[in-house]
Amino acid sequence: MYPVCVRYLGREDAKDVLQEGFLTVFDKIGTYKGEGSFEGWMRRIFVNASLMQLRKNDVLRHADDIDAVHDAGGPVEAGVLSQIGTREILDLVAELPAGLRSVFNLFVLDGYSHAEVGALLGITEQSSRSQVSRARSLLQEKIKKLYNDKQ
């Protein structure tokens with residue numbers, strides 16, 4: 001579950017939230033009904049603990065809105081992506097501003113809908129869409145730069 005916390009918070013805060021998450025798991029284990037996977041149930045606890053930490057630090061309030069979205073010059077070519085590993089891509093995601101990273105993680109990596117992301121983060125569905133778009137644009141820029149640096 002540590003990687004889940006790191007994706008949302010970075011390495012510094014992830015350890016504290018990991019500990020809080022396990023305390024919650026042990027405290028709430030009796031509420032697990034056996035429906036769905038136990039890992040999925042735990043993952044939701046750790047995602048929620050990470051989001052609570054972000055809210056506590058008021059990080060989500062300062063997320064970019066749709067006006068900040070700009071074109072990164074088109075999608076990244078498939079050849080570029082084949083030369084970049086998963087670890088490098090996840091490292092680039094970790095470099096995103098916290099608000100964008102949270103929305104991107106929830107929507108793209110954890111599979112929540114924009115409506116669910118909005119409800120979890122207290123933002124509108126449109127704001128979720130615009131922040132995912134902004135995160136993708138920034139990632140495209142970072143991937144292109146990384147690719148150009150490797151040549």
Side-chain angles (χ1 to χ4, degrees), residues 1-18 20-22 24-25 28 31-82 84-147:
M1 292 297 133
Y2 179 68
V4 172
C5 297
V6 168
R7 274 198 344 235
Y8 286 92
L9 303 167
R11 297 192 193 292
E12 293 176 24
D13 293 329
K15 290 179 182 176
D16 291 336
V17 171
L18 182 71
E20 291 173 23
F22 274 116
T24 302
V25 166
K28 304 288 184 184
T31 65
Y32 177 64
K33 298 176 184 174
E35 299 170 359
S37 74
F38 183 69
E39 180 183 351
W41 179 80
M42 282 181 56
R43 178 181 299 273
R44 184 171 287 259
I45 288 173
F46 286 93
V47 167
N48 286 332
S50 298
L51 294 176
M52 284 192 305
Q53 178 69 23
L54 289 171
R55 280 187 208 102
K56 185 171 106 178
N57 294 335
D58 209 21
V59 170
L60 301 174
R61 178 185 305 249
H62 305 292
D64 296 340
D65 64 7
I66 197 163
D67 294 332
V69 176
H70 66 281
D71 186 11
V76 175
E77 297 174 21
V80 172
L81 290 177
S82 68
I84 298 174
T86 303
R87 180 78 256 153
E88 290 171 305
I89 292 173
L90 289 175
D91 288 345
L92 294 175
V93 170
E95 293 175 7
L96 291 172
L100 292 178
R101 183 177 63 235
S102 299
V103 174
F104 184 84
N105 282 331
L106 287 167
F107 181 75
V108 175
L109 301 178
D110 291 329
Y112 287 89
S113 70
H114 285 296
E116 291 170 321
V117 171
L120 282 169
L121 301 180
I123 60 176
T124 66
E125 187 174 336
Q126 181 58 35
S127 182
S128 172
R129 289 180 193 283
S130 69
Q131 290 177 42
V132 168
S133 177
R134 173 73 174 139
R136 284 184 174 150
S137 292
L138 286 174
L139 284 173
Q140 287 175 0
E141 290 172 15
K142 289 175 180 289
I143 289 169
K144 287 177 184 177
K145 182 179 181 336
L146 180 64
Y147 176 74

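Put simply, the side chain of Leu121 reaches to within 4.5 Å of the side chain of Leu106, judged on heavy atoms. Taking the side chain as every heavy atom from C-beta outward, Lys144 and Glu141 never approach each other to under 4.5 Å. Here the side chains of Leu92 and Leu138 are not in contact, with every heavy-atom distance at 4.5 Å or above. Using a 4.5 Å heavy-atom cutoff, the side chains of Met1 and Ile45 are not in contact.
The CZ atom of Arg134 sits 10.5 Å away from the OG atom of Ser130 when rounded to the nearest 0.5 Å. A distance of 13.5 Å separates NZ of Lys145 from CD1 of Ile143, quoted to the nearest 0.5 Å. Remark: Arg101 CZ to Arg7 CZ distance equals 11.0 Å, nearest 0.5 Å. The structure places SG of Cys5 at 10.0 Å from CZ of Arg43, a figure rounded to the nearest 0.5 Å.
Nearest heavy-atom pair across Phe104 and Ala135 is CD1-CB, 3.8 Å.
Between Phe107 and His114, the angle of the ring planes stays under 30°, which puts this pair in the parallel group of the 30/60° scheme.
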### Query
Could you go step by step and tell me if Leu120 and Asn48 meet the side chain to side chain contact (heavy atoms under 4.5 Å, CB included) rule?
CA-CA 8 Å; Leu120 282 169; Asn48 286 332; 3.8 Å; yes
### Task
Determine, stepwise, if the pair Phe22 / Phe46 fulfils ring pair (Phe, Tyr, Trp, His ring centres under 6.0 Å).
CA-CA 8 Å; Phe22 274 116; Phe46 286 93; 5.0 Å; yes
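Exactly one of Val93, Ile89, Leu100, Val108 qualifies for a side chain to side chain contact (heavy atoms under 4.5 Å, CB included) with Leu139. That residue is Val93.
By the side-chain hydrogen bond (donor to acceptor under 3.5 Å, both in side chains) test, Asp91 pairs with Arg87, sequence neighbours left out. Judged as a side-chain hydrogen bond (donor to acceptor under 3.5 Å, both in side chains), and not counting sequence neighbours, Arg11 has no contacts.
With respect to Glu125 and Arg129, a salt bridge is recorded, a charged nitrogen being found less than 4.0 Å from a carboxylate O.
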